[in-house]
Amino acid sequence: MTHADNGGKPREACGVFAVFAPDKPVAHLTYLGIYALQHRGQESAGIAASDGEHLTVVKDMGLVSNVFDDRTLVALDGDLAIGHTRYSTTGSSMWKNSQPVFRDVGHTQFALAHNGNLVNTAELARDAGVLPGAMSSDTDAMAEWISRAIGEHGSDPEGALPAALSEVLPRFDGAFSLVVMDRSRIIGVRDPHGFRPLCLGRLDGGWVLASETPALDTVGAHFVREIEPGEMVVIDGAGVRSSRPFADDRVDPRLCLFEFVYFARPDSELYGRNVHQARVRMGEHLAHQAPVEADLVMGVPESGIPAAEGYARTSGTPFGHGLVKNRYIGRTFIAPSQEMRSLGVRMKLNPLKENIAGRRLVVVDDSIVRGTTTRKMVEMLRESGAAEIHMRISSPPYRWPCFYGMDTGSRSELLAADMEISEIRDYLGVDTLSYLPLDALVEAVGAPGAGFCTACLTGEYPVPIPPEAGKGVLEGGRTSAPEPQSLFQGAMFDSTAGVMPSEEAARDSR
Ligand code: 5GP
Ligand code: SF4
Ligand code: MG
């Protein structure tokens, strides 16, 4: 979603889920589905359900388990449902931006949930005649355009939504994996680049759409296939019908490479590849490329651990744990004072002194974005007596802001934007620093010929960023330390921090 108050800076990489299954408790299934996708967003959660006559939406700020209980779910049950978990970092975290969004137009009611970020929200708002600032998000803009198309052509309530979607989808630019529903069908859409994942599953007596495959496992559905970039599927009592609303020359698969590096669950399958195994291979490549004499290889929990395993196995250096993560810390934790704020990282990660003191450490993490968490973590390892710290990162330097659904800040906040590797090494206070080159990363993913977005690493944006969206975001570059208060923001930046205990357990049991 793009917010009017932040110059079009992207914030979201949400989780979406949909189920069509008459005779099943669809709201409960959707609850389980979005619970399995909680890592994709912890800010708000919502479910829309239909019993064929009425479409009802329940949504609120907070984690899935805070928003729903048995009573709300029973009241929501019906034949079909969609669900959403929303991710956002600092700033406009408010109820009106929670999803699914709902619209009632003539005889048609529909609900929409979105993962990704449009880059032409301002243009869509302008062309729809909406006053600047009146549209709070890109998802609102989509709902507005769909509503208008239904209003113009929608005399037949049965076919109105799919027809309206086919007509307006080509107007949307950027990243959008959507689940949409009316009273009797669910619809899945992936933009022509397929930046964000979306897959189809078969349930005994129904069908499921989900951002990631573990959500299918959770509800007992079998993976059928990924929705293809540029594809729309309509699912109702007659089965699954596929169509291609976008011009052929716009279809160019560019799955977000960071789904493999950081964002997706390790037990996800993307492009037919298991994400955990891909991360282990990234670590193996790092060990070949940047070997060093050391006593212990450790990962930064949780995201750095699979690559650390791979590094350790290939290098022959023992794998161990140097940091303990508090599993129960929520990312919405509000620090009462500046003094408390500087303790932020410490609340999340605490060193295991016995494993660190006097040791030469290889410390592996998936990425460095602002560098604030990493720097604080290095400081903690030094205080605990680490003899040497060799930092290894399983992706290339993160140099460009993402406009397709990850909030990684503006260019001026990105540590690697304008710094040499040696400057980053000195800033972080490590003995050596090495990043995995792009070709090695792609090879580690192991999906030859598959297309990826790499814009944040290369500056090559598959969908051009209009000046109004890029203004103030693409400019500048970090050449020095950030102001002290952002140490805390860095700590809260790791969205894995809000993962619920049982999900964390699932991650641990890989
Ligand atoms: P930093 O040192 O840049 O403050 O924090 C780096 C940590 O942020 C890494 O451990 C990485 O796992 C985590 N992280 C949290 N959210 C994101 C995100 O949206 N993208 C990426 N690439 N890393 C993230
Ligand atoms: Fe993913 Fe980076 Fe592309 Fe954003 S810019 S979609 S984070 S690869
Ligand atoms: Mg991390």
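Keep in mind that the numbers below use all heavy atoms, side chains included, and drop hydrogens, waters and symmetry copies. Ligands are counted one by one from 1 in listed order, and the atoms in each one are counted from 1 as well.
Contact annotation: for Val369 versus ligand 1, heavy atoms closer than 4.0 Å belong to both the backbone and the side chain. Both the backbone and the side chain of Ser367 come within 4.0 Å of ligand 1, counting heavy atoms alone. For Asp366, every heavy-atom contact with ligand 1 shorter than 4.0 Å involves the side chain, none the backbone.
Taking each of Glu460, Arg196, Arg254, Glu259 in turn, the one with a heavy atom nearest to atom 6 (S) of ligand 2 proves to be Arg196.
Electrostatic pairing of Glu388 and Arg359 does not count as a salt bridge here, judged by no charged N lying under 4.0 Å from a carboxylate O. We find that Arg382 and Asp431 are joined by a salt bridge, their nearest charged nitrogen and carboxylate oxygen being less than 4.0 Å apart. Remark: Arg250 engages Asp173 in a salt bridge, criterion side-chain N to carboxylate O under 4.0 Å.
By the 4.0 Å heavy-atom criterion, Tyr398 is counted among the residues contacting ligand 2.
Taking the six-membered ring where the residue is Trp, Tyr404 and Phe195 present parallel rings, their angle staying beneath 30° rather than reaching 60°.
Ligand-side atoms of ligand 2 in range of Cys256: 1 (Fe), 6 (S), 7 (S), 8 (S), range being under 4.0 angstrom from any heavy atom.
For the residue pair Glu284 and Thr314, no side-chain donor N or O sits within less than 3.5 Å of a side-chain acceptor on the partner.
One of the N, O or S atoms belonging to Cys402 lies under 2.8 Å away from atom 4 (Fe) of ligand 2.
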